[in-house]
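The structure under discussion appears below in the form of structure tokens.
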Amino acid sequence: MAEATPLYQTYNRAPLRFERGEGVWLVTESGERYLDFAAGVAVTSVGHGHPHVVGALKDQADKVWHLSNLYEVPGQEVLAKRLTDVTFADRVFFTNSGAEALECAIKTARRYHFAKGNPEKFHIITMEGAFHGRTIATIAAGGQEKYLEGFGPKAPGFDQVPFGDLDAVKAAITEATAGILVEPVQGEGGIRPIPVEMLRALRELCDEHGLLLILDEVQCGVGRTGKLFAHEWAGITPDLMAVAKGIGGGFPLGACLATEEAAYGMKPGTHGSTYGGNPLGMAVGNAVLDVVLADGFLDNVRDTALVFRQGLASLKDRYPDVIEEVRGEGLMLGIKAKVPNTDLLMAMRDEHLLGVPAGDNVIRLLPPLTVTAEEARDGLARIEHAAERIRAKAAIAASA
């Protein structure tokens, strides 16, 4: 019988206890090393224990941890300026998580139309299979029944359409529509990129109807796809964007980015956060940007991603009974499995390789952006050994 725990029973945790991390590796209490291609679900963007990021955190920890937003926080000004310099945005609101960044984006979009004299415009169009967070509003935005069940009435104002269906988006636009919210690459939904042509069409629709385009780049942003943000591949810009995960490199940090126009309605008192933008988070966020924005960093992400993607394509050809499809962009890759994805995930874990399950029977491969081509090939070899394990197990079962 499992040992009793005082924790909420909301997680189906793997029986692994990691004591420390080193780059792309995690080490258990007993000293076993695992190649971490989960990265805390795309969070440890610059790897475990990156000396520059650790140094920034330690340095700030010796000064001041928390102030609240009753006072000016210089690190916020620095990080916000750096983010606005390299993106579409003019304004930034700092949060502690992706869900909070999405809440801010949703509130900003609704408040924009309210401030413009159109309070009836509060509906936001989203896509089926999306994941935008675990709050009451963001589970409604995502629209997945498994996350909505048992939490009372679904928060109003979110209109789901089928993934990738532009005609359905057009049909869903009404006089009450405030904006369109999408992930350029769905993560939880199974590593499903929205085609660049559709992202461009969504931008045009928003311009045509006076709507705000809201992008959720919590998982696909901060270099994950080989560009600083995934929407850059389509050559468009949003009005609002939610960012988190990789921007903190493992420290709880998120941000809502907005154009000056989109932030029009956000005046003093309309939104706030006690911990958002705390000095520790700002120090870490600035250190992560030092790494990600360094010359050649994103080139290396793209080069390593090409090695990884080509290797996965080869494995798909050699193990069609295990791997049905390879998806994704950059270092946000997915294996759609022919077998239950949990079986493949367990076989990978037996090879000391970590991944992340997702919808549509997919396993996400989200290594730190600092992963080398050699480490990617190591991961590919472990996936191959996992596929061999599954094939051998199937052969035994067939002969029984």
- Message: What verdict does the side chain to side chain donor-acceptor pair (under 3.5 Å) test give for Asn361 and Glu324, after you've listed the backbone C-alpha separation in whole Å, the side-chain angles of each residue and the deciding distance to 0.1 Å?
- Response: CA-CA 10 Å; Asn361 204 42; Glu324 180 177 334; over 6 Å; no
- Task: Please examine the side chains of Leu7 and Arg13, heavy atoms only from C-beta on, and report whether any two atoms are closer than 4.5 Å.
- Result: yes
- Query: Is the backbone of Gly328 close enough, under 3.5 Å, to the side chain of Arg309 for a donor and an acceptor to pair up by distance?
  - Reply: yes
- Message: Check Arg318 with Glu384, please: is the shortest side-chain N to carboxylate O separation under 4.0 Å?
- Response: yes
- Sidechain-backbone polar pair: His113 side chain, Lys121 backbone, donor-acceptor under 3.5 Å: no
- Query: Picking from Val169, Ile124, Thr126, what satisfies side chain to side chain contact (heavy atoms under 4.5 Å, CB included) with Ile180?
  - Reply: Val169
- Answer yes or no: is there an ion pair linking Glu183 with Arg192, defined by an N-O contact shorter than 4.0 Å? no
- Query: Do NZ/NE/NH1/NH2 and the carboxylate oxygens of Lys58 and Asp62 come within less than 4.0 Å?
  - Reply: no
- Message: I'd like to know whether CD of Glu77 has more than 12 heavy-atom contacts from other residues, nucleotides or ligands below 6.0 angstrom.
- Response: no
- Item | Joint hydrophobic cluster, Leu315 plus Leu345, side-chain heavy atoms closer than 4.5 Å | yes
- Do side-chain atoms of Asn69 reach the backbone of Gly276 as a donor and acceptor pair under 3.5 angstrom? yes
- Message: Does any part of the side chain of Thr138, heavy atoms only, come nearer than 4.5 Å to the side chain of Phe131, both counted from C-beta?
- Response: no
- Query: Of all heavy-atom pairs between Met332 and Cys220, which one has the smallest distance, and what is that distance?
  - Reply: SD-CB, 3.5 Å
- Message: Taking the side chain as everything from C-beta on, heavy atoms only, tell me whether Thr259 gets closer than 4.5 Å to Phe88.
- Response: yes
- Item | Minimum heavy-atom distance between Pro279 and Leu67, given as atom pair plus value | CG-CD1, 4.0 Å
- Message: Would Arg110 pass as a cation-pi partner of Phe158, given that its NZ or CZ must be under 6.0 Å from the six-membered ring centre and within 45 degrees of the axis?
- Response: yes
- Message: Would you say that more than 12 heavy atoms from the other residues, nucleotides or ligands in this model lie under 6.0 Å from the CZ of Phe114, or not?
- Response: no
- How far apart are the closest heavy atoms of Thr84 and Ala89, and which atoms are they? CB-O, 3.2 Å
- Query: Below 4.5 Å, heavy atoms only, C-beta onward: do Met127 and Ile194 meet side chain to side chain?
  - Reply: yes
- Take the angle between the ring planes of His52 and His50 and call it parallel below 30°, perpendicular above 60°, tilted in between. perpendicular
- Query: For the residue pair Tyr34 and Phe18, is the inter-centroid distance of their aromatic rings smaller than 6.0 Å?
  - Reply: yes
- Taking the side chain as C-beta and beyond, is there a heavy-atom pair between His271 and Met266 under 4.5 Å? yes
- Message: By the definition side chain to side chain contact (heavy atoms under 4.5 Å, CB included), identify the one residue from Thr108, Leu213, Leu215, Ile106 that meets it with Leu240.
- Response: Thr108
- Query: Do Thr304 and Glu375 touch side chain to side chain, with heavy atoms closer than 4.5 Å?
  - Reply: no
- Kindly check if the number of other-residue, nucleotide or ligand heavy atoms within 6.0 Å of NZ (Lys116) is above 12? yes
- Query: Run the ring pair (Phe, Tyr, Trp, His ring centres under 6.0 Å) check on His66 and Tyr275 step by step: do they pass?
  - Reply: CA-CA 7 Å; His66 177 74; Tyr275 294 108; 5.4 Å; yes
- Message: Consider side chain to side chain contact (heavy atoms under 4.5 Å, CB included). Of Leu333, Leu354, Val371, which one does Phe37 pass it with?
- Response: Val371
- Query: Side chains of Val222 and Leu369: does their closest heavy-atom pair fall under 4.5 Å?
  - Reply: no
- Task: Determine the minimum heavy-atom distance between Val161 and Ala168, stating which atoms define it.
- Result: CG1-O, 3.6 Å
- Would you call Asp85 and Arg82 a salt bridge, taking side-chain N to carboxylate O under 4.0 Å as the test? no
- Is there a path of hydrophobic side-chain contacts, each under 4.5 Å between heavy atoms of I, L, V, M, F, W or Y residues, that connects Phe297 with Leu83? yes
- Taking 4.0 angstrom as the limit, do Arg203 and Asp239 come out as a salt bridge? yes
- Query: Charged N to carboxylate O under 4.0 angstrom, Arg33 versus Glu22?
  - Reply: yes
- Message: Is it true that, when you exclude Arg91 itself, more than 12 heavy atoms of the residues, nucleotides or ligands shown sit nearer than 6.0 Å to its CZ?
- Response: no
- With a cut-off of 6.0 Å (strictly less than), are more than 12 heavy atoms of other residues, nucleotides or ligands near CD of Glu29? yes
- Message: Tell me if the CG atom of Asp299 is crowded by more than 12 foreign heavy atoms within 6.0 Å.
- Response: yes
- Query: Which heavy atom of Ala140 sits nearest a heavy atom of Lys154, and at what distance?
  - Reply: O-CE, 3.4 Å
- Where do Pro368 and Leu331 come nearest, in terms of heavy atoms and distance? O-CD1, 4.1 Å
- So, does Thr44 use its side chain to make a donor-acceptor pair with the main chain of Gly47 at under 3.5 Å? no
- Mind checking whether Lys63 and Asp59 have side chains closer than 4.5 Å, heavy atoms only? yes
- Are Asp343 and Arg389 close enough for a salt bridge, meaning some N to O gap below 4.0 Å? no
- Hey, quick one: are Val284 and Val86 part of the same hydrophobic cluster, counting side-chain heavy atoms closer than 4.5 Å, chains of contacts allowed? yes
